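The residues of the chain are indexed from 1 along the displayed sequence. Hydrogens, waters and symmetry mates play no part in the numbers below; they use all other heavy atoms, side chains included. Small disclaimer: the values here were computed from a predicted structure and weren't measured.
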Amino acid sequence: MTVRVGYFPQNNSLWVLRHLGILERAIPDVEWVNLRDLPAGEPVDPTRGLPSEHGDRLFDGGYDFIGTGSTPPVTAQSLGHDIVYVAISGPRTENGRLVVREDSDIRDIADLKGRKVALGHGSWQTTLLLLALEKAGLGWQDIVPVDVYDDAAQRFLSGEVDAWVGSYPYLTEVEERTGVRTLIETDGLFSHRSLWFTRRDFATGRPAELAAIVAALQEADAWTAAHPREAAAFFAASDGRDLDAWEHALRTRPWGLLPITPDFVAEQQHAADLFHANTLIPHPIHITDALLPSLNTLLESSNPS
């Protein structure tokens, strides 16, 4: 039976795995689904909700397994999808942060009130921004979120937005062109991990295929850690960005899939509660409802360390 795996560059591990062909050794009929080729969903007003395509497609035949940042599984669960967290990465706090231009009059998070903030809405960037606002006693309604991704750097440079939740390698290009001041670091705010999740019926009904995916990702991550420049070429070829910038980004990221931990669950629950309090998700959720304890054993046995 075919296993469909969703992938896109934003999940670095799956992007590399797709290019290495490791999974095909265990699952010859794996079907790779490029998320960028799927039809875009209806636009979501970033002031009132979150896009849900990543989770929805697990349940409409799009794919069986996916990796994203911290926000999509929360959105999926809030819509009633029976997801299961499979694994997490190590903290990726060096991957990005909330920045303003060096000459900006914005000096702290409180100064963001009424300002335009660029972000990839529905990604980990939403989580970071909401946690930053909470730190200053503000809520989502106090800012003007601008949902951008590919042209976020240009909008930031042109002054069209006042602040930006930027990530590498995109931040590298901006730092080379202008002065950037950090408004808040990701480190100390949240762990910003990659997450991998699936449907509960896939996790319980096809454990051999799920184990093969996890083992292949572990092998691909180990390869990336040892060959960051070769891995960077896969990304640079896709988006035309500088190879050195991609290599730098990959060298600063953790590799390897880890079991779900209580600290992660607590952090994810806090974020979910904030999403609901700020009316970005329709229903409150319990992260523990999306856990399958047996998967931690799978992760521990697949970890090459």
H19, E24, R4 screened by side-chain contact (heavy atoms from CB on, under 4.5 Å) with W32, the one that passes:
E24

Please tell me if the side chains of D64 and I213 come closer than 4.5 Å, counting only heavy atoms from C-beta onward.
no

Verify the neighbour count for atom CD of E230: are there more than 12 heavy atoms of other residues, nucleotides or ligands below 6.0 Å?
yes

Evaluate the side-chain proximity of L171 to W164: yes if any heavy-atom separation is below 4.5 Å, no if none is.
yes

Any side-chain heavy-atom pair of T47 and P145 under 4.5 Å:
yes

Tell me if the centroids of the rings in F8 and H54 come within less than 6.0 Å of each other.
yes

Check ion pair R177-E173 (N to O, under 4.0 angstrom):
no

Test item: L274 and W140 side chains (from C-beta on) under 4.5 Å apart, heavy atoms:
no

d(I27 CD1, R206 CZ) to nearest 0.5 Å is 8.0 Å

What's the spacing between L23 CG and L217 CG if we round to 0.5 Å?
7.5 Å

V74 vs Q268 side-chain heavy atoms within contact, under 4.5 Å
yes

Tell me, which pairs form a ring pair (Phe, Tyr, Trp, His ring centres under 6.0 Å) where one or both residues lie in residues 278-300, sequence neighbours left out?
none

Check: Y85 ring centre within less than 6.0 Å of F264 ring centre
yes

State, with a plain yes or no, whether a side-chain heavy atom of N95 is found less than 4.5 Å away from one of H192.
yes

Would you say V100 and L131 are hydrophobically clustered, going by side-chain heavy atoms of ILVMFWY under 4.5 Å?
yes

Between L291 and V84, is there a side-chain heavy-atom distance shorter than 4.5 Å?
no

Crowding at CZ, R229 (>12 non-hydrogen neighbours, <6.0 Å):
yes

So do the side chains of D221 and L17 get within less than 4.5 Å of each other, counting heavy atoms only?
no

